[in-house]
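Report on the following structure.
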Number of protein chains: 2
Amino acid sequence: MRLVIARCQVDYAGRLTAHLPLAIRLIMVKADGSVLVHSDGGSYKPLNWMSPPCSLNVADPDDDAREDGVTSVWTVQNSKTDDRLVISIHDVIEDATHDLGDDPGLVKDGVEAHLQRLLAENVETFGVGWRLVRREYPTAIGPVDLLCRDETGVTVAVEIKRRGEIDGVEQLTRYLDLLNRDPQLSPVRGVFAAQEIKPQARTLAVDRGITCLTVDYDALRGVDDPSTRLF
Amino acid sequence: MRLVIARCQVDYAGRLTAHLPLAIRLIMVKADGSVLVHSDGGSYKPLNWMSPPCSLNVADPDDDAREDGVTSVWTVQNSKTDDRLVISIHDVIEDATHDLGDDPGLVKDGVEAHLQRLLAENVETFGVGWRLVRREYPTAIGPVDLLCRDETGVTVAVEIKRRGEIDGVEQLTRYLDLLNRDPQLSPVRGVFAAQEIKPQARTLAVDRGITCLTVDYDALRGVDDPSTRLF
DNA sequence: ACTTCGATCTCGTAC
DNA sequence: GTACGAGGTCGAAGT
């Protein structure tokens with residue numbers, strides 16, 4: 001990884017065009033060739049960047065640029081698209097390179113996929129006698145998270161979210177409209193399951209006859225682990 | 001901005017939990033207190049980070065950690081939420097601080113707002129004889145991007161997106177429901193215009209009788225009067 | 001202050 | 001490889 005602190009100007013042309021006026025910034029060149037331009041604020045997103053695969057070319061400025069104080073022009077060109085980042089460097093304040101080696105990568109826990117897997121493996125969370133028809137049941141407008149049958153054999157579409165908001169209720173409503181057109185399945189009822197359901201989403205769901213279920217992720221994970229089972 | 005190259009382990013606990021095994025990484029501490037942990041690959045997103053407002057506390061490791069080789073423990077705590085990032089530092093390879101000053105910020109061109117302006121100025125893109133009634137036509141549930149009349153005088157509501165997805169079709173549907181209640185306007189038909197329309201969004205739109213149109217931004221900018229361009 | 005929505009979204013994952 | 005949805009999304013514009 002190469003870290004350069006420099007007074008520079010940056011221009012991006014690709015999916016849009018963007019321009020950064022002259023200022024001191026950090027330019028990070030990663031081992032895979034990607035380039036990030038960071039200022040000393042904001043959040044994790046760089047002001048400008050180029051994603052891999054790309055290549056960096058360093059050239060001398062033309063006469064006009066040299067007169068403006070440019071000492072070096074870095075062109076970062078994406079190898080697949082025609083996206084291009086041009087960094088006009090005026091002054092280099094620091095330039096250091098370090099070998100970081102490979103990164104073992106991030107391990108995450110607690111995202112929606114885990115919740116869906118846990119619920120698929122424990123459909124009795126919804127009620128005794130429930131059966132899973134399939135996970136990611138396909139429809140023309142996208143897959144339904146879980147398709148189940150309840151203890152009476154009625155089909156149930158389950159929408160799972162980490163945080164239940166109105167969008168999720170709308171999504172489930174669309175699925176129910178579509179599924180209920182299929183005489184093989186109809187009537188289909190809906191369950192909206194989330195770790196946390198916003199009051200507005202709950203109100204809308206109930207108004208549409210959709211059952212809401214808040215799920216305790218830690219408790220559900222506990223069900224999976226025999227050592228923590230109560231009996 | 002402080003740049004530290006260090007062999008470290010990182011743990012995040014907040015909206016999810018995440019863990020980074022021991023490796024050499026770049027730790028960036030920005031002037032606003034935010035912290036970014038980058039590896040030497042991937043794209044612009046850090047492996048882990050803490051957004052402002054937050055504070056950094058440096059402490060000595062406890063005995064267990066010290067035996068594992070930890071020399072210093074950095075705790076970055078968000079001031080608003082209870083999100084917390086814990087960086088266990090084993091070896092510091094470099095530690096440098098630079099004053100970057102304020103950044104004048106990014107100037108962009110080519111985003112959805114520009115697409116809307118271009119289409120408003122070139123309604124014949126939709127068909128010969130079309131007229132623009134107005135841009136941002138106000139309704140009780142928000143403004144319709146473009147309200148037009150087609151060559152037969154029928155009112156058309158146009159929803160514009162850079163990338164057309166299901167949300168946009170839902171939005172247009174709500175506008176059409178509302179506009180069709182107005183006897184002065186009814187019948188109103190819909191056009192969903194985007195640089196790129198996802199198959200699922202297209203399916204839903206067609207099912208609802210909405211016309212889909214993919215727009216070539218560069219071609220449209222080509223027919224545009226150069227004097228009205230941003231740059 | 002709060003909400004809504006776009007984004008060079010990025011990133012994972014299923015098909 | 002492509003397509004789709006989630007995200008510790010971030011950030012800006014409008015209310």
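Numbered from 1 within each chain, the chains take letters A, B, ... in sequence-line order. Predicted model only: the values in this text are computed from it and were never measured.
Distance, A:His114 NE2 to D:dG7 P: 11 Å, rounded to whole Å. In this entry the distance linking CG of A:Leu47 with C1' of D:dA12 reads 15 Å, nearest Å. Summarising the geometry, the separation between CG on A:Leu106 and P on D:dT9 is reported as 15 Å, rounded to the nearest angstrom. Separating the CD atom of B:Glu196 from the P atom of C:dT8 is a distance of 14 Å, rounded to the nearest angstrom.
An OP1 or OP2 oxygen of C:dA7 is reached within less than 4.0 angstrom by a side-chain nitrogen or oxygen of B:Arg162.
For DNA chain C, no neighbouring residue in residues 169-181 of chain B is found when judged by any heavy atom under 4.0 Å.
Not counting sequence neighbours, A:Arg149 has no partner by the salt bridge (charged side-chain N to carboxylate O under 4.0 Å, His left out) test. By the side chain to side chain donor-acceptor pair (under 3.5 Å) test, B:Ser88 pairs with no residue at all, sequence neighbours left out. Shown here are the side-chain contact (heavy atoms from CB on, under 4.5 Å) partners of B:Arg84, two or more places apart in sequence or in another chain: B:Thr75, B:Gln77, B:Val86. Applying the side chain to side chain donor-acceptor pair (under 3.5 Å) test to A:Asp177 and every residue at least two apart in sequence or in another chain returns nothing.
Note on A:Met50: nothing from the nucleic acid sits closer than 4.0 angstrom, heavy atoms only. Residue B:Pro199 is classed as a sugar-phosphate contact, given heavy-atom separations below 4.0 Å to backbone atoms only.
Side-chain contact check for B:Arg2 and B:Thr97: no donor-acceptor pair (N or O, by modelled atom type) lies under 3.5 Å. A donor and an acceptor atom, one from each side chain of A:Lys108 and A:His114, are nowhere located under 3.5 Å apart. Checking A:Lys161 against A:Gln195 by side-chain atom types alone, no donor-acceptor pair falls below 3.5 Å.
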What one-letter contact string describes nucleotides 10-15 of chain C from 5' to 3', where B marks a base within less than 4.0 Å of any protein heavy atom, S marks contact via sugar-phosphate atoms alone, and - marks no contact?
SS---S
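Between A:Glu136 and A:Arg134 there is no salt bridge, since no side-chain N of the basic residue sits under 4.0 Å from a carboxylate O of the acidic one.
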